[in-house]
Amino acid sequence: MKTKIVVLTGAGISAESGIKTFRDSGGLWENHRVEDVASTEGWNNNQQLVLNFYNQRRKQLLERKPNRAHFALAELERKYDVTVITQNVDDLHERAGSANVIHLHGELLKARSCVDENLIYNWNKDILEGDVCERGAQLRPHIVWFGEAVPLMETAAPIVRDADIFIVVGTSLVVYPAAGLVNYTRYEIPKWLIDANDIPLPRVPHLKFINEKATIGVDYLVNLLLTEN
Ligand code: OAD
């Protein structure tokens, strides 16, 4: 049986692809109020504003490409059983070739019905007011907003519990429940955290910190794991 690696990623892994993070200086939450564009209240107050925000993000994503860090994680699959659990709504892990990707916070290239969360459609253009699901209700971005449940946590938590190696890349680990996944890891397994900044480290045993940008840090760690016996 292959060793199981679980990788938790955040906005930092896509930063070098030209996609803004949320909380770094110049990040998305500096110029937008979270509650306006990423909450159900915001949606109820001004659908057009929310649609515009995600339409811009979607358009930008289609012009971006995966970077070395995304590709390196896909290469890990040559030797390991790898699951990527991402907070990112981009599709750069998939485009780099990762086979098992869980999107905790939804996907930018999908739209979903406002009345039935199971009606989800692939969507690579703007979502407009008047675009409706097969039940006639307005479509919204397939994004988990603040205050909403994170249904895929139930899928992700047992996978993390089962991991033999756990890697965290480019997340400030401040948004729960995603950030809490670190605490589901077994005590004895090796854990790695890669981040460009000197962020507060989670208090888990056997954690090593690689203080590098994702393209450098992930490439280094993947090489190490692929050459190790
Ligand atoms: P943040 O913006 O909170 O954190 C990004 C992290 O990436 C920080 O720790 C940075 O230091 C690090 N970073 C920046 N550039 C990097 C690089 N080139 N290489 C490596 N690390 C780098 O983003 P997330 O933690 O992903 O949710 O944010 C979590 C959630 O908050 C998002 O999924 C989003 C947001 O609100 C929703 O919108 C639902």
Side-chain angles (χ1 to χ4, degrees), residues 7-43 49-58 60-61 64-73 84-93 96 101-110 112 117 140-153 156 167-182 192-202 207-222:
V7 191
L8 174 66
T9 65
I13 196 165
S14 296
E16 290 162 87
S17 291
I19 295 178
K20 282 188 174 175
T21 62
F22 296 94
R23 296 174 182 79
D24 289 298
S25 82
L28 283 172
W29 294 157
E30 215 169 69
N31 297 314
H32 303 87
R33 281 158 44 99
V34 184
E35 52 277 32
D36 288 345
V37 296
S39 75
T40 25
E41 291 74 22
W43 174 251
L49 179 81
V50 176
L51 289 174
N52 284 346
F53 176 75
Y54 288 101
N55 286 343
Q56 259 181 33
R57 310 266 79 73
R58 190 176 307 103
Q60 188 195 52
L61 170 59
R64 303 295 185 240
K65 294 193 173 81
N67 64 50
R68 181 67 211 137
H70 299 101
F71 285 115
L73 289 181
V84 176
I85 301 174
T86 187
Q87 298 165 84
N88 298 345
V89 296
D90 65 52
D91 64 340
L92 298 183
H93 285 299
V101 184
I102 297 174
H103 284 275
L104 285 179
H105 292 162
E107 292 173 72
L108 208 40
L109 299 182
K110 290 185 177 166
R112 122 155 82 106
E117 62 186 31
R140 55 165 274 183
H142 180 47
I143 303 286
V144 175
W145 286 326
F146 283 91
E148 294 186 323
V150 184
L152 286 175
M153 273 298 287
I167 303 169
V168 180
V169 187
T171 169
S172 55
L173 290 174
V174 297
V175 173
Y176 282 79
L181 280 173
V182 177
W192 300 85
L193 189 146
I194 299 167
D195 201 285
N197 295 301
D198 199 4
I199 61 164
L201 299 182
L207 178 72
K208 289 194 179 137
F209 180 37
I210 301 177
N211 190 190
E212 294 282 0
K213 287 184 170 184
T215 51
I216 307 281
V218 177
D219 193 49
Y220 163 81
L221 180 57
V222 166

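Every value quoted in this text rests on a predicted model; they were computed, and no experiment measured them. Counting convention: from 1, in listed order, for ligands and their atoms alike.
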Item checked: Ala214, Gly170, Ala179, Gly147: member with heavy atom nearest to atom 19 (N) of ligand 1 -> Ala214

Checklist line | Check: Ala38 N/O within less than 3.5 Å of ligand 1 N/O | finding: no

Note to self: Among all protein heavy atoms in this structure, tell me which lies nearest to atom 33 (O) of ligand 1, with the distance rounded to 0.1 Å.
What the structure shows: His105 ND1, 2.8 Å

Next item on the list: Looking only at protein heavy atoms, identify the closest one to atom 32 (C) of ligand 1 and say how far it is in Å.
Entry: Phe22 CE1, 3.4 Å

Notebook entry, point to check: Less than 3.5 Å between some nitrogen or oxygen of Ser172 and one of ligand 1, yes or no?
Noted result: yes

Notebook entry, point to check: Would one find an N or O of Trp29, backbone or side chain, under 3.5 Å from an N or O of ligand 1?
Noted result: yes

Notebook entry, point to check: Counting only heavy atoms, which portion of Val144 has something under 4.0 Å from ligand 1: side chain, backbone, both, or neither?
Noted result: backbone

Margin query: Give me the nearest non-hydrogen protein atom to atom 8 (C) of ligand 1 as residue plus atom name, then the distance to 0.1 Å.
Written below: Asp195 OD2, 3.6 Å

Next item on the list: Name the closest protein heavy atom to atom 28 (O) of ligand 1, giving the residue it belongs to and the distance to 0.1 Å.
Entry: Arg23 NH1, 3.1 Å

Margin query: Need the ligand 1 atom indices (1-based, order shown) with element for anything under 4.0 Å from a heavy-atom of Glu16.
Written below: 17 (C), 18 (N), 19 (N)

Checklist line | Short side-chain donor-acceptor distance under 3.5 Å, Thr171 and Gln87 | finding: yes

Notebook entry, point to check: At a 4.0 Å threshold, what atoms of ligand 1 neighbour a non-hydrogen atom of Gln87?
Noted result: 29 (C), 33 (O)

Item checked: Heavy atom of the protein closest to atom 17 (C) of ligand 1 (residue, atom name, distance) -> Gly12 O, 3.3 Å

Item checked: Check: Asn211 main-chain N/O paired with Asp195 side-chain donor or acceptor under 3.5 Å -> no

Notebook entry, point to check: Backbone, side chain, both or neither: what part of Ile199 comes under 4.0 angstrom of ligand 1, heavy atoms only?
Noted result: side chain

Check: So do Phe53 and Asp36 actually touch side chain to side chain, heavy atoms under 4.5 Å?
Finding: no

Checklist line | Location of contacts on Trp145 toward ligand 1, heavy atoms closer than 4.0 Å | finding: neither

Notebook entry, point to check: Does Thr21 use its side chain to pair, donor to acceptor, with the backbone of Gly27 at less than 3.5 Å?
Noted result: no

Check: Taking both backbone and side-chain atoms of Val174, is any N or O found less than 3.5 Å from an N or O belonging to ligand 1?
Finding: no

Notebook entry, point to check: Relative to the heavy atoms of Phe146, which atoms of ligand 1 are at a distance of less than 4.0 Å?
Noted result: 36 (O)

Item checked: Pair His70-Ser14, side-chain donor/acceptor within less than 3.5 Å -> yes

